[in-house]
Amino acid sequence: EALELMGDVRKLDWSRWGRVPQGEWLLNMYARAHHLLGEYEDELEVADLATRLYPGSLKGREHRVRALAAMARLEELESAVEAALSLPFGETSPGTVLYQAAEALRTHGHSAEAVVMSERGIAWYEAHRPEQQDLGTPGLWANHEARARLLWLAGRDEEAQRAGEAWAAAFPKSLTPHGYLGALAASRGDLSTAARVAAELEAVDAQPEARRNTLFWRAAIAAYLGEIEESFELLREAFANGYPYGLEIHQKVYLEPLAGYPPFEKLIAPQG
């Protein structure tokens, strides 16, 4: 339905649309919808159009690496990553491209390659440490998140814990890094910390915008605690409260224990 509402963005007058930032947003949404529908060749075509129209932006390159990972075109993926490493960065960075490549590789069954790509991303962040940047630095949130998640993907749990703590310290009012730390604790078997964070999230008396996030992170924690039915119900409630269905759900990193559970697979299947 999203694709129908947008029409074929490849046929727009890009001599006009290409002059405004909203044009890039439209291409990103279109590419994302194709990925979620498993239409990776179409996603790649849109990603290449975005890169041609917005050569200084890394968003199109993130879609490119996701599509190539899904199609197991790993040599092209390597070339796409290398091309991104030399670009300037702001809201997104070469580090986030490495992270997106690593997560897409893991999602699409290339586990060993995902770890290698994660290590490359971690090395990039060693030279661009987000905790050493000012709060107003463009892309600070994305870089904190990407570094923490790369460490998770690489299985470097203690460092992932410290990166999550740095992320939470930089954004103390956000529930997301707090939820990340709870899910990480559950994945490590730290039951007391996971239970404490889950209880803290449940106790938040917040507006619906926040509640949908607390429900998602409680679902992630429950999944890694092996509470599959409870996790599924929390996730379904998160969707009912407005949690967005998007790449995070498709990539399943925080919900991997639910993979293969029929109600979960039915819930996240595209409806188009």
Side-chain angles (χ1 to χ4, degrees), residues 2 25 28-29 32-33 36 59 91-92 96 99-100 103 130-131 133-152 160-188 190-258 261 263-264 267-268 271:
W25 177 89
N28 289 333
M29 293 302 102
R32 181 174 299 187
L36 294 172
K59 280 292 186 181
E91 292 298 329
T92 54
T96 59
Y99 153 63
Q100 293 292 345
E103 195 157 273
E131 67 268 31
Q133 298 170 3
D134 296 333
L135 190 58
T137 302
L140 183 63
W141 169 277
N143 285 318
H144 268 291
E145 179 179 35
R147 181 167 179 259
R149 290 174 73 152
L150 282 163
L151 287 161
W152 175 313
Q161 170 79 21
R162 292 194 292 271
E165 290 168 353
W167 180 16
F171 298 92
K173 295 183 179 180
S174 174
L175 294 170
T176 298
H178 195 53
Y180 164 90
L181 288 167
L184 177 65
S187 73
R188 299 175 64 184
D190 183 353
L191 305 186
S192 61
T193 299
R196 175 180 56 77
V197 173
E200 290 169 354
L201 292 170
E202 186 176 8
V204 172
D205 183 15
Q207 297 300 316
E209 178 76 16
R211 177 166 169 72
R212 68 189 192 182
N213 289 327
T214 62
L215 287 164
F216 172 79
W217 286 111
R218 287 171 59 202
I221 293 168
Y224 277 99
L225 292 176
E227 300 166 356
I228 301 303
E229 292 183 5
E230 172 71 8
S231 175
F232 171 75
E233 291 300 331
L234 288 166
L235 180 63
R236 187 164 63 174
E237 190 177 352
F239 283 150
N241 278 268
Y243 194 86
Y245 171 78
L247 290 168
E248 183 168 85
I249 302 297
H250 164 73
Q251 291 167 171
K252 302 180 186 175
V253 170
Y254 294 132
L255 299 168
E256 279 186 344
L258 293 180
Y261 181 56
F264 170 71
L267 179 68
I268 69 168
Q271 302 302 306

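Everything quoted here is computed from the prediction, not taken from an experiment.
- Heavy atoms only, all atoms of each residue included: L234 and A222 are closest at CD1-CB, 4.4 Å.
- Between Q161 and L184 there is a side-chain heavy-atom pair separated by less than 4.5 Å.
- Expressed to the nearest 0.5 Å, how far NZ of K252 lies from CD of E103 amounts to 12.5 Å.
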* Kindly determine whether Y243 and E248 satisfy side chain to side chain contact (heavy atoms under 4.5 Å, CB included), including the steps that lead there. => CA-CA 11 Å; Y243 194 86; E248 183 168 85; 2.4 Å; yes
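- Contact detail for F264 and L258: the closest heavy-atom pair is CD2-O, 3.3 Å.
- Here the side chains of I249 and L235 are in contact, with some heavy-atom distance below 4.5 Å.
- Between A183 and I221, the closest heavy-atom pair is N-CG1, 3.6 Å.
- Y261 places none of its side-chain heavy atoms less than 4.5 Å from the side chain of L255.
- In this structure, I268 and H250 have side chains that are not in contact, with every pair of non-hydrogen atoms separated by 4.5 Å or more.
- Taking 4.0 Å as the cut-off between side-chain N and carboxylate O, R218 and E237 do not count as a salt-bridged pair.
- Side-chain contact between L215 and F239 is absent, with no heavy-atom pair separated by less than 4.5 Å.
- Taking a cutoff of 4.0 Å between a charged side-chain nitrogen and a carboxylate oxygen, E165 and R162 do not qualify as a salt bridge.
- Residues meeting the side-chain contact (heavy atoms from CB on, under 4.5 Å) test with T176, sequence neighbours left out: W141, W167, S174, W217.
- E202 is not listed as a side-chain neighbour of T214, based on a closest heavy-atom distance of 4.5 Å or more.
- To the nearest 0.5 Å, the span separating CG on N28 from CH2 on W25 amounts to 9.5 Å.
- Annotation: side-chain contact (heavy atoms from CB on, under 4.5 Å) contacts of R196 (sequence neighbours excluded): T193, E200.
- Side-chain contact between V197 and L181 is absent, with no heavy-atom pair separated by less than 4.5 Å.
- Taking the six-membered ring for Trp and thresholds of 30 and 60 degrees, Y180 and W152 have ring planes inclined between 30 and 60 degrees apart.
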